[in-house]
Structure formats: C-alpha cells, structure tokens
Amino acid sequence: MTTRIFVPRDAAARAVGADRVAAAILDEAKRLGLAVDVVRTGSRGLFWLEPMVEVETPGGRIAFGPMTAKDVPGLLAGGLPLSAAHPLCVGRPQDIPFLKSQTRITFARCGIVDPLSLADYRAHGGYRGLERAKSLGTVATVEEVTKSGLRGRGGAGFPTGIKWKTVADTTADRKYIVCNADEGDSGTYADRMIMEGDPFLLIEGMTIAGFAVGATKGYIYIRSEYPDAIRVMERAVVLAEAEGLLGAEAKFDIEIRVGAGAYVCGEETSLLESLEGKRGQVRAKPPLPAHKGLFGKPTVINNLISLATVPAILADGAKHYADLGMGRSRGTMPIQLAGNVRHGGLFEAAFGLTLGEIVDDIGGGTASGRPARAVQVGGPLGAYFPRALFDTPFDYEAFTAREGLIGHGGVVVFDDSVDMAKQARFALEFCAIESCGKCTPCRIGSVRGTETMDKIIAGNRPEANLALIADLCQTLKFGSLCALGGFTPYPVMSAIKLFPEDFTRPRLAAAAE
Ligand SMILES: Cc1cc2nc3c(=O)[nH]c(=O)nc-3n(C[C@H](O)[C@H](O)[C@H](O)COP(=O)(O)O)c2cc1C
Ligand code: SF4
C-alpha cells in the first residue's frame, strides 16, 4: 500500500526548505524501496514548525516539524507505517494546541487538501456553498450573506451583504466581481495562504458572488510579490474551466491580473484604475464602485478573505456563522501573528479574543524572550498598542473606540528594544513613499511630517515639533481623500500618546547617538 506524505508547497514553508524536504523524502523512499506518494499541500499556518510534514498512518495523520532534508533518512529509517517516536514528532495536527483552539471556517481545508485537486476539494465539502446558493436563488443568497453579519476583511469592515445588494439592485448590461488580493498590510498573509492552499475556495466564492449580483466576469488582482500564489491560482482557473466550473457553462469566468507593487493599489478605486491599465491613483467617491466601478460598470470589490468565507456561510447557513463573534463583529477572523513573536502563524478564531490572549497565550510572547512592549494591529496604518491596552478585544468597534483598527487582521509584535519615535517616523515616511499624490495633505504633509519627526529625533525643539506633528495629523485625518493619508495619524499619534517616554529629551538624545 502506498503511504501519502504531505509536504506544504506554501511560500512560507518553501522559504525554509520544504522543496528540499519533499525531494529528500522521494529519494530516500526510492532508496529504501518504500511506496510513498508525496502530496504538496498548503500550510496549516504554524510557521515555527515549517516545513511541517504530515504522514498518513492507520490512526490518521501525524506531523513532524520543523523538518530539514537531513532529518529525512532518520524519519524513514524504521520503514512504514511511521512511528511517532521520532524526536521531531508533534503528534496529530488537530491535537497541537495552536490548531486545537482555533475555529477554522475559512481555513478549514488549508494545509489538508491538495490545492490543485478538484476531487479533493469536493471530498472536503467544496461546491456545497454554490449548490445551496443556486437552490436559494439570487435574492436569498444575498440575504444569507447579509444575515451572516460578514464584514469586509480588507480593512474597512463594511457589511458584505449590503455591498452585494447595491450591485444586485443596480441595472446594467455588465457587472463585475473583483477580488482584492493585493494584501499590502505589514505582517499579513491570509490571502496568500488561501490562494496557495485552497484556490478553488476563492473560485467558488467569486462564482457565488457573480451568481448573486448578476455578474459574469471576475478579476483577481494579485500583488506581484506573490509568484507562487499567482501560479497556483492560474492553474486552478484552468482546471475549473476544464470541468465547466468556470466559462460559458458556468456563466462566469475569471481572469488573473498582477499588480506592480504599490500599497495604494490595494485601495479599491486605485485598484480599479490599475485594472483598467491606468496609473494606480485614488478616485473620488461618489460614485461608489458598486454603482460605477470597473470600466464604469457596477462592481463588487471584496477582499479575498471576504469572498473565500462566503462558500462556508452558504453551505452551513448564515446562523452558523453569525452565532460566532461579539457585538457587530460576527464570525471568525484569520489573525496573522508576525514580527517578534514566538509562535508566528495564522490563527482563525471567533472575534472577541483579547490582544493579550493573542500575543501572550497564542503567540507565546516574543521570539527574543524579552517583554512584548508594543503591538501594531491592522497594517501600516494601524495604531500601536502598549501592554496597558492588551485587554482590548479583537472587535471592529472595540479597536475603533481606542483609536485603532483591526484592518486585515495583521498583528505585529515588538519587544522592549523598539524605539517608538523611529516607528512614528517610519509611518510618515511610508505614507510619503506610498502616497498616490492626488491630494495635498498626504502628498506634501507626509514629507513635511517625516522631516519634522527627524528634528524631534535629533532633539531639536521636541515639544514645539510634537505640537506641529499633532496639528499636521489633524489635517491628514480630516483633509485626505483616502485612508492612506487619513489613517497615517493612527500609528503616529498612538506612538506619541501611548509611549511618551520615547519622545522625551534624554531618551531621544540617547537614541540619536
Ligand atoms: C491605502 C489602502 C490600501 C488598501 N489595501 C488593501 C489590500 O491590500 N487588500 C484589501 O483587500 N483591501 C485593501 N484596502 C481596502 C479596500 O479599499 C477596500 O475597502 C476592500 O478591498 C473592500 O473589500 P472588503 O469589503 O471585502 O473588505 C486598502 C485601503 C487603503 C486605503
Ligand atoms: S490620501 Fe494619499 S494616497 Fe489617498 S488619495 Fe490622497 S494622496 Fe492619494
């Protein structure tokens, strides 16, 4: 009997040698005459254990990690079935506390299935969502998404069902579904993991969206820094077309477009400009993309995770999803732990965990072993939270109340060696580099802000210059056309207000030396 051995082909696993491990398994199995089938999967999202190899046994899969090619002869030395006695054995994946305590809905299949096998996708519940949508009809499908409470996972948290209803209710000869897979936020990788680990899920989600609002064409806009994701998605589209799941028979097709690496091209109107072949510059709203979007037609533009969550909502019912979470934040969120953290990885959980639980219990504290001092949540435009605010629950409204945002779910941890004055400067410099240049507060203000922060760091009249920064942040917040300029004050002002000791003369002088 052939034994299946699962090795992730996810970019994070490949970066730490998964391809070498897969090749070594095949070589060693051949040498020992063992019947082995290496299946390349996505990642389960436990990055500190990557490459994490899973071996099929009569009692289910057992996992080993982090593996290197050198560990492979030892792993296979005792023959098959494998024994769990190997020092790198971490037991059954589902028993690893980091996985056991998750509520995996969007990521239920990621790391388990062969991403490019439609048979595997179906065997694990794939296409049940589309089937139910078809049985409900278009209006009830949109209602189901609304009832689930799903809010956009790209950052703004806008209710997905309301966006879909606006497009469904707008009459036009052509409508579009656009998947935003630009994933520019620091410390985020959830979109990439789905594209590499469960691409048919996105295809199904977009097909449901197309059916629900009356769109026949979809685009996936992927950042160029994701070559593996682009390759897997392109192949998945071809396979779906071959089975009639995309194309004329399905009344929906998908094209993949690659971005050129501008953060602002993740902003929806800028993305649409870029898709139309123009320079990625923000459009003034109204009109909303739902009324006049891609090529002037009504367009649903959603983050990848929003679209990839829809199949499960349809398959298991809106209530099943809406029963999870807290307040107006319903369902689950794929939290992505990054930065200086011991257990970096993807943790899908119902809304409501506190920041402290996420950093200390799930993340295991910092990788350096020093105390965690600051956490930036929600990407480069998110606020920095000190330990005193670690009781903040992961919830859209709770973060807004504390002048922060959860954005796309990125949590970047810093230890006590972080210099918050430099982080504040970095936020302004980031805005200056990434600004699309359309409006003055962002285009000019970000440059002046960086220069002023340089003066503060050099100890040049810090009190007066900090007052200037506060004034500038007010202008950015209320005078910018989009959230790039409008939200840059969050990281800047949270650093100044919540870590004031890093902006005092003695500390600045010490840091400047
Ligand atoms: C500067 C900027 C960058 C953004 N980058 C992304 C991104 O990379 N991915 C994303 O899904 N949304 C991004 N957004 C949010 C989008 O504009 C938009 O809200 C989102 O695609 C809508 O989908 P959703 O409702 O499913 O979240 C960005 C917004 C701004 C202002
Ligand atoms: S805030 Fe910045 S990125 Fe946004 S429209 Fe204005 S110049 Fe462009």
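Every number for a ligand or one of its atoms is a count from 1 in the order of the listing. From a predicted model like this one, the values you see are computed outputs, not experimental measurements.
- Shown here is Arg235, whose CZ atom has no more than 12 heavy atoms of other residues, nucleotides or ligands within 6.0 Å.
- A 6.0 Å sphere centred on CZ of Arg342 holds no more than 12 heavy atoms belonging to other residues, nucleotides or ligands.
- Residues Tyr127 and Tyr121 bring their aromatic ring centres within 6.0 Å.
- With a 4.0 Å cut-off on non-hydrogen atoms, Glu434 does not touch ligand 1 at all.
- Residue contact check: Ala483 has heavy atoms under 4.0 Å from atoms 31 (C) of ligand 1.
- The pair Glu348-Arg153 does not count as a salt bridge, with every side-chain nitrogen at least 4.0 angstrom from each carboxylate oxygen.
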Inset, instruction - Test side-chain contact (heavy atoms from CB on, under 4.5 Å) on Leu118 and Leu245 and set out the steps. - result: CA-CA 10 Å; Leu118 263 166; Leu245 295 162; 3.7 Å; yes

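- Seen from the ring of Phe295, Arg174 does not count as a face-on cation partner, given the 6.0 Å and 45° thresholds.
- The distance from ligand 1 to the heavy atoms of Asp182 drops below 4.0 Å at these ligand atoms: 8 (O).
- Here Phe47 and Tyr189 bring their ring centres to under 6.0 angstrom of each other.
- Between Gly184 and ligand 1, at least one pair of N/O atoms sits closer than 3.5 Å.
- The shortest N or O to N or O distance between Asn180 and ligand 1 is below 3.5 Å.
- Under the 6.0 Å distance and 45° angle rule, Lys497 does not count as a cation-pi partner of Phe503.
- By the 4.0 Å N-to-carboxylate-O rule, Asp502 lies too far from Lys422 to be salt-bridged with it.
- Of the protein's heavy atoms, Gly154 N, 2.8 Å lies nearest to atom 27 (O) of ligand 1.
- Neither the backbone nor the side chain of Phe487 comes within 4.0 Å of ligand 1, counting heavy atoms alone.
- Ligand-side atoms of ligand 1 in range of Asn303: 10 (C), 11 (O), 23 (O), 24 (P), 26 (O), 27 (O), range being under 4.0 angstrom from any heavy atom.
- Closer than 4.0 angstrom to ligand 2 by heavy atom are Val264, Val282, Ser435, Cys436, Gly437, Lys438, Cys439, Cys442, Ser480, Leu481, Cys482, Leu484, Gly485, sorted by chain and number.
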Legend entry - Verdict with supporting geometry, Gln423 and Phe499, side-chain contact (heavy atoms from CB on, under 4.5 Å): CA-CA 11 Å; Gln423 293 306 118; Phe499 303 87; over 6 Å; no

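- Atoms of ligand 1 lying under 4.0 Å from any heavy atom of Arg153, numbered from 1 in the order shown and given with element: 26 (O), 27 (O).
- Distance from atom 29 (C) of ligand 1 to its nearest protein heavy atom, with residue and atom name: Glu267 CA, 3.7 Å.
- For the residue pair Glu50/Ser43, the side-chain donor-acceptor check at 3.5 Å is satisfied.
- Residue Ser306 has at least one heavy-atom neighbour below 4.0 Å for each of these atoms of ligand 1: 24 (P), 26 (O).
- Judged by distance alone, the side chain of Lys175 and the main-chain N or O of Thr170 form a donor-acceptor pair under 3.5 Å.
- Inclusion of Asp185 in the set of residues having an N or O under 3.5 Å from an N or O of ligand 1 is not warranted.
- When only non-hydrogen protein atoms are considered, atom 25 (O) of ligand 1 lies nearest to Lys163 NZ, 2.9 Å.
- Listed by number with element, the atoms of ligand 1 under 4.0 Å from a non-hydrogen atom of Ile301 are 22 (C), 23 (O).
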Inset, instruction - Test Asp185 against Tyr263 for side-chain hydrogen bond (donor to acceptor under 3.5 Å, both in side chains), laying out the working first. - result: CA-CA 8 Å; Asp185 280 2; Tyr263 180 69; 2.7 Å; yes

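- Side-chain atoms of Gln281 come within 3.5 Å of backbone atoms of Cys436 as a donor-acceptor pair (strictly under, hydrogens ignored).
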Inset, instruction - Start with the C-alpha distance between Leu275 and Tyr221, add both sets of side-chain angles, then the distance that settles side-chain contact (heavy atoms from CB on, under 4.5 Å), and finish with yes or no. - result: CA-CA 8 Å; Leu275 262 185; Tyr221 186 92; 3.9 Å; yes

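- If you check which protein heavy atom lies closest to atom 18 (C) of ligand 1, you get Glu268 OE1, 3.6 Å.
- From the protein, the heavy atom lying nearest to atom 1 (C) of ligand 1 is Tyr263 CE2, 3.6 Å.
- Counting heavy atoms only, Gly266 comes closest to atom 6 (C) of ligand 1 of the residues Gly266, Cys482, Cys442.
- For Arg151, the closest heavy-atom approach to ligand 1 does not fall below 4.0 Å.
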